[in-house]
Amino acid sequence: MNHLVAPSVLAANYRNLQADFDMVNRSEADWFHVDIMDGRFVPNISFGMFIVEFMKKMAEKPLDVHLMILEPEKYIDDFRKAGADMITVHYEACPHLHRTIQQIKESGAKASVALNPHTPVSFLSEVIEDLDMVLLMSVNPGFGGQKFIYNTIPKIKQLREMCIVRNTNTLIEIDGGVGLQNAEEILRAGANVLVAGSSVFASQNPTETIAKLKVIGRGEVWV
Ligand code: DX5
Ligand code: ZN
C-alpha cells in the first residue's frame, strides 16, 4: 500500500486553525493527527473533546485521535462523539488493554495502541490481531518538535515482522521527530503512516512538505 501522511495539528497555528485545516484539506495529506494531553500521563496539557468537535467541522479528512491521557476508557465514547475516526490509547495507561480495545471498536472508531519508546513491541503480542493500527512513539510523548529516537527503527522492523508472521494488516504509525530527513528510512523499516507536526507546520511551504512526504518511495514496495 502507499503510505499515509498525518499532519499533527498540535503544531498548527491556534490563532487561525481554519487556515491550517483548509491547507491540510487541500493537500495530499491523508488524516489529521490530533494529540490529546492531560498533564498527568504526559507533562503537558493540550485540549479536550470540545475542541475536537470544532476540528471535526473543519476537517474533510479522518481524525486520528491520539489519547495521551490516564484512564482513557472514561473518555473513548466522548471522543468518538466529538468526531474521532481512529482512537489510539497508550499501552502504559491501560491495565485492561484488551477491554479498552474492544470498547474503542464498539464505539465505531478504528482501534490503535501506542507504545512509548521504552515499551517493547512484544507486549502487543496477545492483542495484535484486534488492532487496526499500532503507533510507535519515536519521542517521549508530551511535546512537538523533539528529536527522533533512533531505536525506533529496529522496533518498526520487529513490529512489521510480527504482523507478517501473524498475517495481520495492522497499520504502523510513527509519531515524533518525523520529517523529510528520516521518512525514507522509517518507511523502509516497515512503517506505513507518518505523523509530522513541526516538520510540516514550521516549514516554508507546508503543502509542499506534505507532498514531498507523500512522494518518498512512491513506486517502491518495501512492506
Ligand atoms: C508528541 C505527539 C506528536 C507531536 C509530533 O507527544 O504525540 O504527535 O505532535 O510532533 P513533531 O512531529 O513536531 O515531533
Ligand atoms: Zn501524537
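For the numbers below, each heavy atom of this structure counts, side chains included, while hydrogens, waters and symmetry mates do not. Counting convention: from 1, in listed order, for ligands and their atoms alike.
With Ser112 as the fixed residue, the side-chain hydrogen bond (donor to acceptor under 3.5 Å, both in side chains) test singles out one of Asp64, Thr170, Thr88: Thr88. Each of Leu135, Val134, Asn192 was compared with Leu171 under the side chain to side chain contact (heavy atoms under 4.5 Å, CB included) criterion, and only Asn192 meets it.
Distances under 2.8 Å from the Zn ion (ligand 2) pick out the protein N/O/S atoms His33 NE2, Asp35 OD1, His66 ND1, Asp175 OD2.
The protein non-hydrogen atom at the shortest distance from atom 11 (P) of ligand 1 is Gly145 N, 3.6 Å. The closest protein non-hydrogen atom to atom 5 (C) of ligand 1 is Asp175 OD1, 3.6 Å. In this structure, atom 6 (O) of ligand 1 lies nearest to the protein heavy atom Gly142 N, 2.7 Å. Given atom 13 (O) of ligand 1, the protein heavy atom at minimum distance is Ser198 OG, 2.5 Å.
At a threshold of 4.5 Å between side-chain heavy atoms, the hydrophobic network of Ile, Leu, Val, Met, Phe, Trp and Tyr places Val139 and Phe143 in two separate groups.
Near Asp35, meaning under 4.0 Å from one of its heavy atoms, ligand 1 places the atoms 2 (C), 3 (C), 4 (C), 7 (O), 8 (O), 9 (O). Within ligand 1, counting atoms from 1 as listed, the ones closer than 4.0 Å to a heavy atom of Pro141 are 6 (O).
Ring-plane geometry between His66 and His90 is classed as parallel, the angle between the planes falling under 30 degrees on a 0 to 90 degree scale with a further cut at 60.
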Check your understanding: Between Val52 and Lys56, is a side chain to side chain contact (heavy atoms under 4.5 Å, CB included) present by the stated rule, with each step listed?
Key -> CA-CA 6 Å; Val52 175; Lys56 184 67 179 177; 5.5 Å; no
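At least one N or O atom of His66, backbone or side chain, sits closer than 3.5 Å to an N or O atom of ligand 1.
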